[in-house]
*Asks:* 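Sharing a structure with you now.
To find a chain, count down the sequence lines: A is the first, B the second, and so on, and within it residues start at 1. Just so you know, these numbers come straight off a predicted model, no measurement behind them. All heavy atoms count here, side chains included; hydrogens, waters and symmetry mates do not.
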Protein chains: 2
Amino acid sequence: MASRRIRPDRRDPALRLAAFLPYRLNVVAAVVSEGLARRYASQFGIGIPEWRVLATIGEFGRITAGAIGQHARMHKVKVSRAAAGLESRGLVAREANAKDRREAFLALTPAGDALYGRIAPLALAYAAELAAVLPPEDAAALDRILDALLARAGRMDPAPPVPTESGARPRPGTRPASG
Amino acid sequence: MASRRIRPDRRDPALRLAAFLPYRLNVVAAVVSEGLARRYASQFGIGIPEWRVLATIGEFGRITAGAIGQHARMHKVKVSRAAAGLESRGLVAREANAKDRREAFLALTPAGDALYGRIAPLALAYAAELAAVLPPEDAAALDRILDALLARAGRMDPAPPVPTESGARPRPGTRPASG
DNA sequence: AATCGATCGTTACAAACGAAACTATGCCGT
DNA sequence: ACGGCATAGTTTCGTTTGTAACGATCGATT
């Protein structure tokens, strides 16, 4: 092993952030989301969680809060709050489920349906405008790639595949670093 | 497939969330980030913003907070807090800039450098493991695609390209829907 | 049918976040 | 040199988010 300099100007960086896939995915996702939100948030006063809930109800019709969470990959608390917000504005209505009174179906009111009918085309246009920079084969590749990455990341072990040496297991009682 | 009546009175959905690019990008980015964070957060007690700052200092050596924000695309408040956290743990040190005493250079301490030296390989291994599901041409395509999408989203107008009819401009004074 | 544990959704509380205000310093024109 | 404005970074404050606890209901077991 070579001798270490005490105060080097700079070594070769071990990692270039600009080329690091998780970082890049986050940046692109953030910029895209932000751009989309600018299109509807300012016009309709609706936030991203509320948009997702609205879109999910618009897609599936009558659906429970739990199912919304599954389809839109949102935490149930977020769904609950977004749904409450939409309900308070008369965009969403609850229908009690007599078969299971713990849950309730959510559905769009006429006003909610009208809003959905206005935002959805905007959103689709945004996505189309975005995808228009990609040659068709790249657009198709992106679909495949995102599927593959999602499946892979979901199956990934919480520890590196190469055993680090001893069986020193990471302590489970540490905070999960949200953000 | 025959027409199953799951939902009673709903037209064809205007938008399928699962196929909607902004949504998909967000989901993939979130799952990937979460998976990566699980690898270092639990072991080293470091969060995502702190990791980004650490990685940026590790990459560039001595760097100001503002430059970190530019390179890592972080808001200056976030950089400030993450840097304060790293400093309080002795991972980062400040060096005053005599030429401009408003700013200060941040650099890794030996402890910070050691931590960087341990996390960076983990992170790179994670990214490599992730990219391993992609055939080489898809991995290359992904690089191109993310660049193109990022550039496009950054240049995108806050309003749809097709004029909606009259010159009814969206009211500028509405909240920007963070999240 | 009484009880126990699981599940749905809301509420409570605390951490994280961003916009704006603020401090300190630098820059520039007069 | 002085006054006004710009910039770097921190702090403050209100909002958003997530974790945990909670009430209500269901299903299974006895």
*Asks:* A:Ile48 has an atom CD1; how far is it from atom P of D:dT17, in whole Å?
*Replies:*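 After rounding, the reported distance stands at 9 Å.
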*Asks:* Would you say the base of C:dT25 and the side-chain of B:Arg101 have a donor-acceptor pair closer than 3.5 Å?
*Replies:* no
*Asks:* Select one nucleotide: of D:dG9, D:dT11, D:dT19, the one nearest the side-chain heavy atoms of A:Val77.
*Replies:*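 Among D:dG9, D:dT11, D:dT19, the one nearest the side chain of A:Val77 is D:dT19.
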*Asks:* Rounded to the Å, how far apart are B:Lys78 NZ and C:dA15 P?
*Replies:*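 Roughly 18 Å, once rounded to whole Å.
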*Asks:* Using the ring of B:Tyr126 (Phe, Tyr or Trp, six-membered ring only), decide whether B:Arg39 places NZ or CZ under 6.0 Å from its centre and within 45 degrees of its axis.
*Replies:*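 Relative to the ring axis of B:Tyr126, which defines the angle, B:Arg39 lies outside at least one limit.
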*Asks:* Starting at CD of B:Glu87 and ending at C1' of D:dG9, how long is that distance when rounded to a whole Å?
*Replies:*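 After rounding, the gap between these two atoms is 12 Å.
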*Asks:* Relative to each other, are the rings of B:Tyr40 and B:Trp51 parallel, tilted or perpendicular (30° and 60° limits)?
*Replies:* tilted
*Asks:* Using whole Å, what does the distance between atom P of nucleotide C:dA24 and atom NZ of B:Lys99 come to?
*Replies:* 24 Å
*Asks:* Rounded to the nearest angstrom, tell me the gap between atom CZ in B:Arg73 and atom P in C:dG18.
*Replies:* 15 Å
*Asks:* Atom CG of A:Asp100 and atom C1' of D:dA24: how far apart are they, to the nearest Å?
*Replies:*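 Rounded to whole Å, this separation is 11 Å.
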*Asks:* Do the side chain of B:Arg81 and the base of C:dG18 come within less than 3.5 angstrom through a donor-acceptor pair of N or O atoms?
*Replies:* yes
*Asks:* Between A:Ser80 and C:dT10, is there a contact of a side-chain N or O with OP1 or OP2 at under 4.0 Å?
*Replies:*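 Looking at the OP1 and OP2 atoms of C:dT10, one of them is under 4.0 Å from a side-chain N or O of A:Ser80.
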*Asks:* Determine: side-chain N/O of B:Arg102 to OP1/OP2 of C:dC22, distance under 4.0 Å, yes or no.
*Replies:*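 Looking at the OP1 and OP2 atoms of C:dC22, neither is under 4.0 Å from any side-chain N or O of B:Arg102.
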*Asks:* Roughly, in whole Å, what's the span from CD in A:Gln70 to C1' in C:dC8?
*Replies:* 12 Å
*Asks:* Identify which nucleotide among D:dT17, D:dC26, D:dG18 has an atom closest to any side-chain atom of A:Pro49, counting heavy atoms from C-beta outward.
*Replies:*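 Side chain of A:Pro49 sits closest to D:dT17.
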*Asks:* Run the salt-bridge test on A:Arg16 and B:Glu59 with the 4.0 Å N-O cut-off and return the result as yes or no.
*Replies:*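 Answer for the salt bridge query: no.
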*Asks:* Just wondering, do B:Tyr23 and A:Val32 contact through their side chains at under 4.5 Å, heavy atoms?
*Replies:*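 A side-chain contact is absent here, since even the closest heavy-atom pair is not under 4.5 Å.
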*Asks:* Between the side chains of A:Arg152 and B:Glu129, is the shortest nitrogen-to-carboxylate-oxygen separation below 4.0 Å, so that they form an ion pair?
*Replies:* no
*Asks:* Whole angstrom is fine here: how far is it from CD in B:Glu103 over to P in C:dG26?
*Replies:* 10 Å
*Asks:* Using the closest heavy atom to pick a nucleotide of DNA chain C for each, name whichever of B:His75 or A:Ala104 lands nearer the 5' end.
*Replies:* A:Ala104
